[in-house]
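Data block below; observations after.
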Amino acid sequence: MFSSSFFTENLEALWIEILFMLPTEIAMLVKTVSVVNRFEAIYGLNRMTLSKEFKSMCPKQEEEYKRYFERFSKAMMFYYFCSVSTVLASMGFLFDDRLKLPFFNWFYWVPIDKDHMNNYYIIFAYQMIGMMGHCLLNVSADVNIALLLSTAGKQLDLLSYELARLPVNPTGTNIEKSYYKRKFEEHIQQYNRIYDFARETEKQVSWSVFSQICASGVTICAIIFRLSAISLFDNVSSTISMYFYLMSMLTQIFLPCYFGNDVTLKSQKLTNAMYTSDWYQLALRERKDLKMMMIRTSEPIRLKAGNFFNFNLTDFTSTLNRSYSLYAVINRRK
């Protein structure tokens with residue numbers, strides 16, 4: 001399917017056929033190779049999300065944690081639905097008398113006309129099965145990245161709640177002071193675990209997200225260009241498929257940017273959470289320890305994709321702006 005797209009006649013066909021598929025194919029390849037080469041590390045990160053270290057600390061938090069990931073699961077299922085619908089919408093081409101294929105209407109000199117209907121159905125099925133596999137690989141990788149980032153963000157949220165409730169008791173006994181020290185050390189260790197988890201996630205998915213942001217920027221531009229070049233009423237199936245595809249491309253870059261941004265924002269809250277505790281009632285030594293922790297958490301956790309893009313909403317909007325600028329340039333040259 002990919003090599004077929006190079007048999008184009010003009011610039012419009014280039015953008016509609018080649019650049020419509022090439023970037024997202026490359027991104028899928030990078031994701032797949034990355035997962036295969038780093039399978040043990042990524043598998044370890046997923047096991048960490050289910051470990052006892054990442055369990056909620058009280059029944060109330062456990063219930064909140066459960067509700068959060070129930071909402072997360074529903075959102076990811078909707079993403080799967082939109083992505084699969086992109087492929088399934090192409091089934092409408094079967095009812096088009098023009099014998100159009102879902103993606104490329106040329107296949108290595110194989111005749112596709114009313115006298116060779118078997119060729120048409122076989123190639124149609126081949127394209128649908130291939131694109132469904134491509135879709136599931138891409139979406140599965142995106143959902144896994146979103147899960148890892150959302151886990152880090154939620155753990156920071158729970159830690160912030162615990163830091164704001166440090167068991168400070170100025171007139172406490174040695175047992176109570178020892179309890180405070182033990183809880184504070186546990187919170188420090190938990191922060192270290194979350195920080196290491198976030199950095200390891202960044203290390204494993206950095207280039208996958210980088211390739212997806214680059215690919216989606218070009219693909220979104222190509223989709224808009226393609227939509228502007230076809231008639232809605234004459235190409236209903238193609239138009240519906242394009243809109244689903246556009247939604248999937250937007251989601252593919254929105255997920256890491258949103259959850260990465262969430263990690264940064266929630267790591268910023270840790271310092272304020274400690275400040276809202278009754279720290280002023282602590283002894284001088286404990287106040288110094290708390291201050292050192294506040295200095296450390298004052299620098300938020302910022303994740304990067306390929307040492308170039310940040311995992312935040314600012315870069316998400318920047319990618320959309322660049323896509324529109326590229327579309328404007330190409331549209332003027334058309």
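In this structure, the side chain of S277 does not engage the main chain of A273 through any donor-acceptor pair within 3.5 Å. Within the 3.5 Å criterion, the main-chain N or O of M48 finds a donor-acceptor partner in the side chain of S51. Formation of a donor-acceptor pair under 3.5 Å by the N312 side chain with backbone atoms of C257 is not found in this model. A donor-acceptor contact shorter than 3.5 Å links the side chain of S150 to the backbone of L147. For the pair S160 (side chain) and L270 (backbone), a donor-acceptor distance under 3.5 Å is absent. Between the side chain of T86 and the backbone N or O of F244 there is at least one donor-acceptor pair closer than 3.5 Å. Checked by atom type and distance alone, the side chain of S267 pairs as donor or acceptor with a backbone atom of I301 at under 3.5 Å. Without hydrogens or angle criteria, E53 side chain to R193 main chain gives no donor-acceptor distance under 3.5 Å. Side chain of N46 to main chain of I42: a donor-acceptor pair is present (N/O by atom type, distance under 3.5 Å, no hydrogens or angles).
Taking hydrophobic clusters as Ile, Leu, Val, Met, Phe, Trp and Tyr residues chained together by side-chain heavy-atom distances below 4.5 Å, L250 shares a cluster with F311. Both V87 and V143 belong to a common hydrophobic cluster when Ile, Leu, Val, Met, Phe, Trp and Tyr are linked at side-chain heavy-atom distances under 4.5 angstrom. Note on L137 and L148: separate hydrophobic clusters, where clusters join Ile, Leu, Val, Met, Phe, Trp and Tyr whose side-chain heavy atoms are under 4.5 Å apart, directly or indirectly. Hydrophobic clustering (side-chain heavy atoms under 4.5 Å, transitive across Ile, Leu, Val, Met, Phe, Trp, Tyr) keeps M247 apart from V218. A single hydrophobic cluster is not seen to contain both L265 and L156; linkage of ILVMFWY side chains at heavy-atom distances under 4.5 Å, directly or through other members, places them apart.
Inter-residue side-chain proximity for L159 and D157 is flagged as unmet; no heavy-atom pair is nearer than 4.5 Å. Considering only heavy atoms from C-beta on, H187 comes within 4.5 Å of L166 through its side chain. A 4.5 Å side-chain heavy-atom check between M293 and Y191 finds at least one atom pair inside the cut-off. Side-chain atoms of I188 and F184, non-hydrogen and from C-beta on, do get closer than 4.5 Å to each other. Between I112 and H116 there is no side-chain heavy-atom pair separated by less than 4.5 Å. Using a 4.5 Å heavy-atom threshold, the side chains of Q252 and M249 count as touching. L29 places a side-chain heavy atom less than 4.5 Å from the side chain of V33. Counting heavy atoms from C-beta outward, D315 and I213 have side chains that stay 4.5 Å or more apart.
Y258 meets the ring-ring contact (aromatic ring centres under 6.0 Å, His included) test with F254; sequence neighbours excluded. When the side-chain hydrogen bond (donor to acceptor under 3.5 Å, both in side chains) test is applied to S83, the partners found at least two apart in sequence or on another chain are S248. With sequence neighbours left out, the side-chain hydrogen bond (donor to acceptor under 3.5 Å, both in side chains) criterion links K288 to no other residue. Scanning for ring-ring contact (aromatic ring centres under 6.0 Å, His included) contacts around F210 gives W207, F309, with sequence neighbours left out.
The minimum heavy-atom distance between R302 and Q268, with the atom names listed, is NH2-NE2, 4.2 Å. Scanning all heavy atoms of the two residues, the minimum distance from F259 to Y68 falls at CE2-OH, 3.7 Å. Of all non-hydrogen atoms in D262 and G153, the two that sit nearest each other are OD2-CA, 4.3 Å. Taking all atoms of both residues into account, the shortest heavy-atom contact from A215 to A27 is CB-CB, 3.7 Å. Across all their heavy atoms, L149 and G260 have their closest contact at CD1-N, 4.0 Å. Closest approach of A198 to L303, counting heavy atoms only: O-CD2, 3.8 Å.
Ion pairing of E286 with K181 is absent here, as no side-chain N (NZ or NE/NH1/NH2) approaches a carboxylate O to less than 4.0 Å. Using a cutoff of 4.0 Å between basic side-chain nitrogens and carboxylate oxygens, R67 and E64 are not scored as salt-bridged.
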Open item on the list: R165 vs E162, test: salt bridge (charged side-chain N to carboxylate O under 4.0 Å, His left out). Steps then yes/no.
Closed with: CA-CA 5 Å; R165 297 171 60 252; E162 289 295 322; 3.6 Å; yes

Open item on the list: Set out, in order, the CA-CA distance, both residues' side-chain angles and the distance that settles side chain to side chain donor-acceptor pair (under 3.5 Å) for Q189 and E185, then state yes or no.
Closed with: CA-CA 6 Å; Q189 292 170 1; E185 289 176 353; 5.4 Å; no

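Side chain to side chain, Q212 and S216 meet the donor-acceptor criterion of an N or O pair below 3.5 Å. Side-chain contact of Q190 with E186: a donor-acceptor pair under 3.5 Å is absent, judged by distance alone. Using modelled atom types and a 3.5 Å distance limit, the side chains of N192 and R296 yield a donor-acceptor pair. Side chains of T297 and T271: a donor-acceptor N/O pair is present below 3.5 angstrom, by distance only.
Within 6.0 Å of CE on M292 lie no more than 12 heavy atoms contributed by other residues, nucleotides or ligands.
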Only distances under 3.5 Å count here; give the side-chain donor-acceptor pairs of residues 72-80 to other protein atoms, sequence neighbours excluded, each with its distance to 0.1 Å.
from : atom 1 : to   : atom 2 : distance (Å)
S73  : OG     : F69  : O      : 2.8
Y79  : OH     : D142 : OD2    : 2.7
Y80  : OH     : S140 : OG     : 3.0

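Judged as a ring pair (Phe, Tyr, Trp, His ring centres under 6.0 Å), the pairs with a partner in residues 268-297 (not counting sequence neighbours) are, in order, Y275-W279.
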